[in-house]
Chemist: 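The structure's right below; bear with me while I get my questions together.
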Amino acid sequence: SYQTNTPSLTLAAEGAAIQLDGVDDYVDVPDGVWFNGDFTFEGWVNPQSFGNWSRLIDFGNGQNADNVLLGYSAGTTGQPRCEVRQGTTIVGAVVATQPIPLNQWSHLAVTLQGSTLTLFINGSVAAASSSQPPRNVVRTLNFIGRSNWADTYANALFDEVRIWSVARSRAEILAGMSQRLSGNELGLRACWRFDEATGTAALDSSTNAQHAALVNNPERVPLGQAAVTLTGLPTGATYHYRAVATDTNGVKTFGADQSF
């Protein structure tokens with residue numbers, strides 16, 4: 001026989017995420033080259049639905065125009081896919097073999113190191129392929145949560161979206177994905193935490209001041225941390241748990257299964 005115990009805590013906000021509605025919300029990022037050699041980009045994603053080719057990021061100059069993009073759903077599959085284009089030509093692409101879960105946080109990261117393009121999900125390699133580097137051109141249509149095509153806007157929560165000018169190792173991605181950055185890390189080009197309490201700006205917490213704009217009033221969602229003490233657990237066993245957060249409207253968000 002076994003028993004279950006469900007401790008409950010009410011949390012004060014510690015930071016925030018941005019919630020995009022899948023209709024017209026997105027984040028507009030300043031013009032810039034952004035990608036022209038080795039790179040890493042990463043972010044936390046909590047999808048509420050798998051819209052057709054919904055994006056985490058899409059940086060380019062329109063459709064088929066030097067895009068570097070990551071859809072958190074290839075089509076409506078829920079399988080993340082990254083593409084790198086030189087002009088109109090896809091020169092690198094990777095797609096996960098399994099979908100990420102709905103209504104749960106997943107960490108997505110993509111690196112280009114030399115000619116190897118790698119997709120990570122929660123710090124584990126999900127796919128890898130060969131790729132040429134993006135061209136060294138200024139990109140003027142740079143979005144978080146929106147496509148440069150007529151694809152579905154993101155219906156998701158995003159947090160800690162970061163861009164680097166270096167290829168981060170798997171160990172570095174794992175070590176950093178749940179940590180708050182100082183802002184002056186080597187190779188960090190931008191980090192949007194979405195922690196602002198009000199306003200239409202998404203401030204870049206790196207030293208580069210690449211502040212982005214929130215378009216069409218996306219919602220800011222407070223985040224928090226909790227700790228509970230469990231007693232009376234026999235030793236020598238593996239225990240499984242899942243965190244469930246319930247907001248003031250009774251809406252539940254489920255964390256990933258964990259064990260200790």
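Being a predicted model, the structure only gives us computed values, none of them experimental.
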Chemist: What I want to find out is whether R162 reaches D204 closely enough, with some N-O distance under 4.0 Å, to be called a salt bridge.
Modeler: no
Chemist: Would you say the side chain of T116 lies within less than 4.5 Å of the side chain of S131, judging by non-hydrogen atoms?
Modeler: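 S131 does not reach T116 side chain to side chain.
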Chemist: Tell me whether R81 is salt-bridged to E83, with the criterion being a basic N under 4.0 Å from an acidic carboxylate O.
Modeler: yes
Chemist: Please check if the side chain of N61 supplies one atom and the backbone of T140 the other of a donor-acceptor pair under 3.5 Å.
Modeler: yes
Chemist: List the atom of R170, the atom of F120, and the distance in Å for their closest heavy-atom pair.
Modeler: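 Shortest heavy-atom separation between R170 and F120 comes out as CB-CE2, 3.8 Å.
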Chemist: Please check if the side chain of Q86 supplies one atom and the backbone of P133 the other of a donor-acceptor pair under 3.5 Å.
Modeler: yes
Chemist: Check whether W164 and F59 end up in the same hydrophobic cluster, where Ile, Leu, Val, Met, Phe, Trp and Tyr are linked by side-chain heavy atoms less than 4.5 Å apart.
Modeler: no
Chemist: Could you tell me whether the side chain of Q104 and the main chain of P101 form a donor-acceptor pair under 3.5 Å?
Modeler: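 Here the side-chain-to-backbone pair does not exist.
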Chemist: Please confirm whether the backbone N or O of Q79 pairs with a side-chain atom of T77, one donor and one acceptor, at under 3.5 Å?
Modeler: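 Yes: the side chain of T77 pairs with the backbone of Q79.
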Chemist: For the hydrophobic clusters of this structure (ILVMFWY residues joined by side-chain heavy atoms under 4.5 Å, transitively), does one cluster hold both V45 and I173?
Modeler: no
Chemist: Taking it one step at a time, do R85 and T88 satisfy side-chain contact (heavy atoms from CB on, under 4.5 Å)?
Modeler: CA-CA 6 Å; R85 294 174 184 258; T88 62; 5.7 Å; no
Chemist: In terms of side-chain heavy atoms, does N184 have a donor or acceptor partner in S182 at a distance below 3.5 Å?
Modeler: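 Distance-only check passes for N184 and S182.
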Chemist: Can any side-chain N or O of D195 pair as donor or acceptor with the backbone N or O of A16 at less than 3.5 Å?
Modeler: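 Yes; judged by distance alone, with no hydrogens or angles, the pair exists.
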Chemist: Can you list the steps and then say if V33 with R139 is a side-chain contact (heavy atoms from CB on, under 4.5 Å)?
Modeler: CA-CA 5 Å; V33 174; R139 294 170 175 85; 4.1 Å; yes
Chemist: To the nearest 0.5 Å, what is the distance between OG (S115) and CD (Q132)?
Modeler: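 Reported to 0.5 Å precision, the distance equals 9.5 Å.
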Chemist: What's the spacing between L20 CG and N155 CG if we round to 0.5 Å?
Modeler: 8.5 Å
Chemist: Taking CD in Q63 as the centre, count heavy atoms belonging to other residues, nucleotides or ligands within less than 6.0 Å. Is the count above 12?
Modeler: yes
Chemist: Which heavy atom of P30 sits nearest to which heavy atom of A212, and what is that distance?
Modeler: CD-CA, 4.2 Å
Chemist: Quick one: closest heavy-atom pair of L119 and A96, and the distance?
Modeler: CD2-N, 3.7 Å
Chemist: Do the non-hydrogen side-chain atoms of S54 and P47 ever get within less than 4.5 Å of each other?
Modeler: no
Chemist: Within the structure provided, determine whether L117 and V110 are in side-chain contact (heavy-atom separation under 4.5 Å).
Modeler: yes
Chemist: State the CG-CG distance between D21 and N217, to the nearest 0.5 angstrom.
Modeler: 9.5 Å
Chemist: Report the C-alpha separation of Q210 and W192 in whole Å, then their side-chain angles, then the decisive distance to 0.1 Å, and conclude whether the side-chain hydrogen bond (donor to acceptor under 3.5 Å, both in side chains) test is met.
Modeler: CA-CA 9 Å; Q210 295 288 334; W192 297 284; over 6 Å; no
Chemist: Is a donor on one side and an acceptor on the other found under 3.5 Å between the side chain of N208 and the backbone of L188?
Modeler: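 Pair found, side chain donor or acceptor close to backbone of L188.
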Chemist: Going by ring-ring contact (aromatic ring centres under 6.0 Å, His included), name the residues that satisfy it together with Y26, two or more places apart in sequence or in a different chain.
Modeler: F143
Chemist: Return the set of residues passing salt bridge (charged side-chain N to carboxylate O under 4.0 Å, His left out) with E185 (not counting sequence neighbours), or none when no residue passes.
Modeler: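 With sequence neighbours excluded, E185 shows a salt bridge (charged side-chain N to carboxylate O under 4.0 Å, His left out) to no residue whatsoever.
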Chemist: Are side-chain heavy atoms of P80 and I100 found at a separation under 4.5 Å?
Modeler: yes
Chemist: What distance do N142 atom CG and I57 atom CD1 have between them, rounded to the nearest 0.5 Å?
Modeler: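 The distance works out to 8.5 Å.
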Chemist: Is the W44 ring parallel, tilted or perpendicular to the W105 ring (thresholds 30°, 60°)?
Modeler: perpendicular
Chemist: For the atom pair CZ (R146) and OG1 (T152), what is the distance rounded to the nearest 0.5 Å?
Modeler: 13.0 Å
Chemist: Run the numbers on L108 and I121 for side-chain contact (heavy atoms from CB on, under 4.5 Å), then give the verdict.
Modeler: CA-CA 5 Å; L108 303 183; I121 300 178; 3.9 Å; yes
Chemist: Around atom CD of E196, are there more than 12 heavy atoms from other residues, nucleotides or ligands closer than 6.0 Å?
Modeler: yes
Chemist: Which pair of heavy atoms, one from L223 and one from D159, lies closest together, and at what distance?
Modeler: CD1-OD2, 3.3 Å
Chemist: In plain terms, say whether R135 and D66 are close enough for a salt bridge, that is, a side-chain N and a carboxylate O under 4.0 Å apart.
Modeler: yes
Chemist: Do L141 and V215 land in one hydrophobic cluster if side-chain heavy atoms of ILVMFWY residues count as linked below 4.5 Å?
Modeler: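 Yes; tracing contacts between hydrophobic side chains, which count when under 4.5 Å, links both residues.
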Chemist: Under 4.5 Å between side-chain heavy atoms, hopping through other hydrophobics if needed: is there a path connecting L69 to V29?
Modeler: no
Chemist: May I ask you to test the F194-V221 pair for a side-chain heavy-atom distance under 4.5 Å?
Modeler: no
Chemist: Mind listing the closest non-hydrogen atom pair of G37 and P134 along with its distance?
Modeler: O-CD, 4.0 Å
Chemist: Evaluate the ring planes of F39 and F35, with Trp represented by its six-membered ring, and classify them as parallel (under 30°), tilted (30 to 60°) or perpendicular (over 60°).
Modeler: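 Aromatic pair F39/F35 classed perpendicular.
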Chemist: Of all residues at least two apart in sequence or in a different chain, which pass the side-chain contact (heavy atoms from CB on, under 4.5 Å) check with D151?
Modeler: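 Partners of D151 under the side-chain contact (heavy atoms from CB on, under 4.5 Å) test: N52, W53, R55, S147, W149.
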Chemist: Heavy atoms only: give me the nearest D38-A167 pair and the separation to one decimal.
Modeler: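 In terms of heavy atoms, the two residues are closest at CB-N, 4.1 Å.
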Chemist: Are V84 and L70 in one and the same hydrophobic cluster, where Ile, Leu, Val, Met, Phe, Trp and Tyr link if side-chain heavy atoms are under 4.5 Å apart?
Modeler: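 Yes, one cluster joins them.
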Chemist: Supply the atom-to-atom distance I90 CD1 to N67 CG, rounded to the nearest 0.5 angstrom.
Modeler: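 Taking CD1 in I90 and CG in N67, the distance rounds to 9.0 Å.
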